[in-house]
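Each remark here refers to the structure printed beneath this line.
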Number of protein chains: 2
Amino acid sequence: MKNDGHACEAWQLLLRLFFAQRAILPPLAAELELSPAQCHVLHLIEPGRPVPMGQLADTLACDASNVTGLVDRLESRGLIRRQPSSADRRVKVLDLTPTGSRLRALLLDRMEKPPDTLRRLSEREQRTLVRLLTRLIE
Amino acid sequence: MKNDGHACEAWQLLLRLFFAQRAILPPLAAELELSPAQCHVLHLIEPGRPVPMGQLADTLACDASNVTGLVDRLESRGLIRRQPSSADRRVKVLDLTPTGSRLRALLLDRMEKPPDTLRRLSEREQRTLVRLLTRLIE
DNA sequence: TATTGTTATACTCTATAACTATA
DNA sequence: TATAGTTATAGAGTATAACAATA
């Protein structure tokens, strides 16, 4: 029992937003002297919640060797640290430095500012949108 | 008069979808032996609607020199063609070849298939979502 | 003079394959 | 043997600067 009367239409709109986003992130990243991929990594490491490198590769859906390079560059800029894992000595977990934590906050602040079109929706419409998007993410 | 009671929350949900999408596109592109950037270009050139290279650079929000390389690779695979513009001899417009047109259709078919979570919304909810997203894109 | 697209260059992103250390 | 991360390598994406052809 498929139910895609308007599902295709909604998905196409979301795709248009995704592609538009592809154009928005690079200049925003450049302002902070980061690449889009580095923004993604910084976004995924929450302060005080170290992330194993392998888990990062899974979330980014990329090869582990790729994470090595990304982490090298972020570490050489003093934004993150590799720490040995206590449980398994093969594993290295990633942690934000104080500088990295500040830059991440700045990044989220810029990124999470909703566009004007979103603020033009009424309170009620915004709540509806939140409810529907939440079910999309589940 | 700002109205961001739930706007920030909605935007954060959209960002989560964007980042999730960053993980979905590469494998889908790889199936067709394309890169994500090449998918974006193919998506932007509609059959029978030639696009000037400069306009493509604007839409992708990237440097013109970058478009040269992207187009080189797509052209060498026989997917698109450079054509001289009749109006301005400096301009080259991009056009799909028959092969490119077929591959684009295949790409859209794969990309535009809505995820299951979207099809689980009711008809009425889908319509509401379409209405709200449309206003977001305006 | 200004604009369109190209070339040369350098750096980042990405995957594959071979490797080291640990499990 | 299997897994986590690294290294070497190669190709693609990206920006900057200098350039040719055209406007």
Side-chain angles (χ1 to χ4, degrees), chain A residues 19 22-45 50-77 79-95, chain B residues 19 22-45 50-77 79-95:
Chain A
F19 277 123
R22 269 182 91 81
I24 289 166
L25 187 53
L28 193 156
E31 265 187 68
L32 306 178
E33 296 183 69
L34 293 168
S35 69
Q38 288 170 342
C39 285
H40 202 174
V41 171
L42 226 49
H43 188 221
L44 290 172
I45 306 178
V51 178
M53 292 187 66
Q55 182 185 315
L56 201 57
D58 288 343
T59 309
L60 295 170
C62 73
D63 192 84
S65 65
N66 191 7
V67 173
T68 299
L70 281 168
V71 167
D72 282 347
R73 288 180 284 274
L74 288 169
E75 194 172 37
S76 74
R77 275 190 55 186
L79 299 175
I80 65 178
R81 273 185 303 239
R82 284 172 166 96
Q83 305 274 17
S85 165
S86 46
D88 183 337
R89 277 190 298 173
R90 291 172 302 179
V91 174
K92 297 177 188 172
V93 297
L94 302 172
D95 208 359
Chain B
F19 278 123
R22 271 182 89 83
I24 290 167
L25 187 54
L28 193 155
E31 265 186 71
L32 306 177
E33 298 183 69
L34 293 168
S35 69
Q38 289 171 342
C39 286
H40 202 173
V41 171
L42 226 49
H43 189 222
L44 290 172
I45 306 179
V51 178
M53 292 186 67
Q55 182 184 314
L56 200 57
D58 287 344
T59 309
L60 295 170
C62 75
D63 192 84
S65 65
N66 191 7
V67 173
T68 298
L70 282 167
V71 167
D72 281 347
R73 287 181 284 275
L74 288 169
E75 195 173 36
S76 74
R77 274 189 57 187
L79 300 174
I80 65 178
R81 272 185 303 238
R82 284 170 166 96
Q83 306 275 17
S85 166
S86 47
D88 183 337
R89 277 190 298 173
R90 291 173 303 180
V91 174
K92 296 178 188 170
V93 297
L94 303 173
D95 208 358

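Predicted, not measured: the structure shown is a model, and the values here were computed from it.
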* What distance separates A/Ile80 CD1 from A/Ile45 CD1, expressed to the nearest 0.5 Å? -> 4.5 Å

* Structure fact -> Given the options A/Arg81, A/Gln83, A/Met53, A/Val93 meets side chain to side chain contact (heavy atoms under 4.5 Å, CB included) only with A/Gln83

* Asked: Does B/Ser35 put a side-chain nitrogen or oxygen below 4.0 Å from OP1 or OP2 of D/dG13?
  -> yes

* To do: Mind calculating the distance between CG (B/Asp88) and P (C/dT3) to the nearest angstrom?
  => 12 Å

* Nearest to side-chain heavy atoms of B/Ser65, which nucleotide of D/dT7, D/dT16, C/dA23 -> D/dT16

* **B/Leu70 CG - C/dT6 P separation (whole Å)** => 12 Å

* Structure fact -> 5'-most contact on DNA chain D (nearest-nucleotide basis), B/Ala87 vs B/Gly69, goes to B/Gly69

* If you find the nucleotide of DNA chain D closest to A/Val91 and the one closest to A/Asp72, which residue's nucleotide is nearer the 5' end? -> A/Val91

* **5' priority, DNA chain C, between B/Gly54 and A/Pro36 [closest heavy atom]** => B/Gly54

* Structure fact -> In terms of heavy-atom contacts, B/Leu25 and B/Pro36 come closest through CD2-CB, 4.0 Å

* Phosphate oxygens OP1/OP2 of D/dA4: is one of them under 4.0 Å from a side-chain N or O of A/Arg89? -> no

* To do: Mind calculating the distance between CG (A/Leu34) and P (C/dC13) to the nearest angstrom?
  => 10 Å

* **Nearest-Å distance for atom pair CD/C1', residues B/Glu33 and D/dA12** => 15 Å

* Asked: Whole Å only: how far is the NE2 atom of B/His40 from the P atom of D/dA12?
  -> 20 Å

* Which of these nucleotides, D/dG5, D/dA15, D/dG13, is closest to any side-chain atom of A/Lys92? -> D/dG5

* Asked: Between D/dG13 and B/Asn66, is there an OP1 or OP2 to side-chain N/O distance shorter than 4.0 Å?
  -> no

* To do: Ignoring the backbone of B/Thr68, work out which of C/dT6, D/dT16, C/dT22 is nearest its side chain.
  => C/dT6

* Grab the CG-P distance between A/Asp58 and C/dA15 for me, whole Å please. => 12 Å

* Structure fact -> Minimal heavy-atom distance between B/Ser65 and B/Asp63, with the atoms involved, is OG-OD2, 2.7 Å

* Could you say whether B/Ala64 or A/Arg73 is positioned toward the 5' end of DNA chain C, judged by the nucleotide with the nearest heavy atom to each? => B/Ala64

* Would you kindly give the CG-to-P distance between B/Asp63 and C/dC11, to the nearest whole Å? => 17 Å

* Think B/Arg90 has a side-chain N or O under 4.0 angstrom from the OP1 or OP2 of C/dT6? -> no

* Asked: Between the side chain of B/Gln55 and the main-chain N/O of B/Pro52, is any donor-acceptor distance below 3.5 Å?
  -> no

* B/Met53 side chain, from C-beta outward: closest of D/dG13, C/dT14, C/dT6 -> C/dT6

* Rounded distance (Å) that lies between atom P of D/dG11 and atom CD of B/Gln38 -> 15 Å

* **B/Arg82 backbone acceptor or donor facing B/Glu75 side chain under 3.5 Å** => yes

* Respond yes when some side-chain nitrogen or oxygen of A/Arg82 is under 4.0 Å from OP1 or OP2 of D/dT6, and no when none is. => yes

